[in-house]
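Below: the structure, in C-alpha cells.
Numbered from 1 within each chain, the chains take letters A, B, ... in sequence-line order.
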Amino acid sequence: MPDKTDFFKSVYEVTRLIPKGRVTSYGSIANYIGAPRSARMVGYAMNGAGAQMPMVPAHRVVNRNGLLTGKAHFNDENDMQKLLENEGVIVKNDQIVNFKQHFWDPKEELKL
DNA sequence: GCGTTGACGAGGA
DNA sequence: GTCCTCGCCAACG
C-alpha cells in the first residue's frame with residue numbers, strides 16, 4: 001500500500017525504465033502509475049529527477065505534443081536535445097521528429 | 001491558512 | 001485542424 005509520497009518514486013522508477021532512443025509523455029507515466037489526471041504531478045516530480053540517484057533520464061520525457069517542455073529545467077537547455085539526439089532521437093525546433101515512432105508507452109511496453 | 005503557479009492532458013466549441 | 005476551459009494536486013509566497 002504505497003504512500004502518496006511513492007507517487008514521485010514511481011515516476012522516477014518508470015522513467016528509468018524508458019529504453020534508450022525512446023521517449024514517453026507525462027500523461028502516459030501518470031496513467032501507468034494510476035493518476036491519469038495528474039500528469040502535472042509527474043512533471044513536478046521530475047523537478048527532483050536530477051537530484052535522484054541514479055539520475056532519472058528526464059530528457060526522455062516530453063509532453064503529449066512531443067515538445068521538450070522541460071528543457072528549461074535542465075542544467076543547459078541544449079543538453080536535453082543533445083542527449084536525445086545522442087540516443088538516436090531527432091529533435092527539431094525543440095520538438096521530437098517522428099514522435100510517434102519514438103513514443104514508448106509503459107502501458108503497452110511494460111503491460112501490467 | 002489562502003491564493004497562485006506549474007516539466008500536462010482531455011474534452012468541448 | 002485550432003482555441004478555450006476545467007481538473008489534478010504538491011509546492012511556494
Side-chain angles (χ1 to χ4, degrees):
Chain A
M1 51 343 267
D3 292 297
K4 292 195 301 184
T5 49
D6 275 350
F7 179 88
F8 286 65
K9 195 172 182 181
S10 297
V11 173
Y12 302 139
E13 192 172 342
V14 174
T15 305
R16 286 201 204 95
L17 293 174
I18 302 174
K20 177 186 170 194
R22 295 291 188 88
V23 291
T24 190
S25 61
Y26 304 94
S28 296
I29 296 172
N31 188 27
Y32 181 73
I33 64 181
R37 309 296 176 182
S38 299
R40 291 177 115 165
M41 297 296 89
V42 177
Y44 210 101
M46 284 297 160
N47 219 315
Q52 301 307 311
M53 240 288 283
M55 275 196 189
V56 178
H59 60 272
R60 295 179 186 156
V61 185
V62 295
N63 67 349
R64 78 164 185 96
N65 207 18
L67 197 67
L68 280 58
T69 49
K71 66 174 187 171
H73 289 257
F74 280 76
N75 293 317
D76 289 316
E77 296 186 3
N78 277 336
D79 274 1
M80 186 171 187
Q81 180 172 336
K82 197 170 184 179
L83 286 165
L84 288 170
E85 290 185 332
N86 190 16
E87 294 180 353
V89 179
I90 303 171
V91 179
K92 195 75 170 184
N93 194 14
D94 298 335
Q95 189 173 359
I96 296 175
V97 181
N98 299 328
F99 176 59
K100 185 178 179 183
Q101 188 175 350
H102 292 293
F103 186 66
W104 180 85
D105 190 348
K107 271 284 190 186
E108 294 293 305
E109 301 295 327
L110 298 177
K111 287 278 169 65
L112 309 182

inquiry  = Going by salt bridge (charged side-chain N to carboxylate O under 4.0 Å, His left out), A:Lys71 matches just one of A:Asp79, A:Asp94, A:Asp76. Which one?
reply    = A:Asp94
Is it true that [X] and [Y] fall in one hydrophobic cluster, defined by side-chain heavy atoms closer than 4.5 Å?
{"X": "A:Tyr44", "Y": "A:Val11", "answer": "no"}
{"X": "A:Ile18", "Y": "A:Leu110", "answer": "yes"}
{"X": "A:Met80", "Y": "A:Ile90", "answer": "no"}

Nearest-angstrom distance from the residue atom [atom1] of [X] to [atom2] of [N]:
{"X": "A:Asp94", "N": "B:dA7", "atom1": "CG", "atom2": "C1'", "value": "13 Å"}
{"X": "A:Asp79", "N": "B:dA7", "atom1": "CG", "atom2": "P", "value": "18 Å"}
{"X": "A:Tyr44", "N": "C:dC9", "atom1": "OH", "atom2": "C1'", "value": "10 Å"}
{"X": "A:Tyr26", "N": "B:dC8", "atom1": "OH", "atom2": "P", "value": "6 Å"}
{"X": "A:Asn47", "N": "B:dG6", "atom1": "CG", "atom2": "C1'", "value": "9 Å"}
{"X": "A:Leu68", "N": "B:dC8", "atom1": "CG", "atom2": "C1'", "value": "15 Å"}
{"X": "A:Met46", "N": "B:dT5", "atom1": "CE", "atom2": "P", "value": "24 Å"}
{"X": "A:Phe8", "N": "C:dC8", "atom1": "CZ", "atom2": "C1'", "value": "12 Å"}

Measure from the side-chain heavy atoms of [X] and tell me the nearest of [options].
{"X": "A:Ser38", "options": "B:dG6, C:dC9, B:dA7", "result": "C:dC9"}
{"X": "A:Phe74", "options": "B:dG9, B:dA7, C:dC8", "result": "B:dA7"}
{"X": "A:Asn63", "options": "B:dG9, C:dA10, B:dA7", "result": "B:dG9"}

ask   = Relative to the 5' end of DNA chain B, which residue comes earlier, A:Arg64 or A:Met41, by the nucleotide with the nearest heavy atom?
value = A:Met41
message = Would you measure the distance from the C1' atom in C:dC3 across to the matching atom in B:dA7 and give it in whole Å?
response = 22 Å
ask   = Which value, in whole Å, describes the distance between the P atoms of nucleotides C:dC6 and B:dT4?
value = 15 Å
message = Any donor-acceptor pair, under 3.5 Å, between the side chain of A:Arg40 and the base of C:dC9, if you only look at N and O atoms?
response = no
inquiry  = I'd like to check A:Phe103 versus A:Ile96 (side-chain heavy atoms, cut-off strictly below 4.5 Å). Are they in contact?
reply    = no
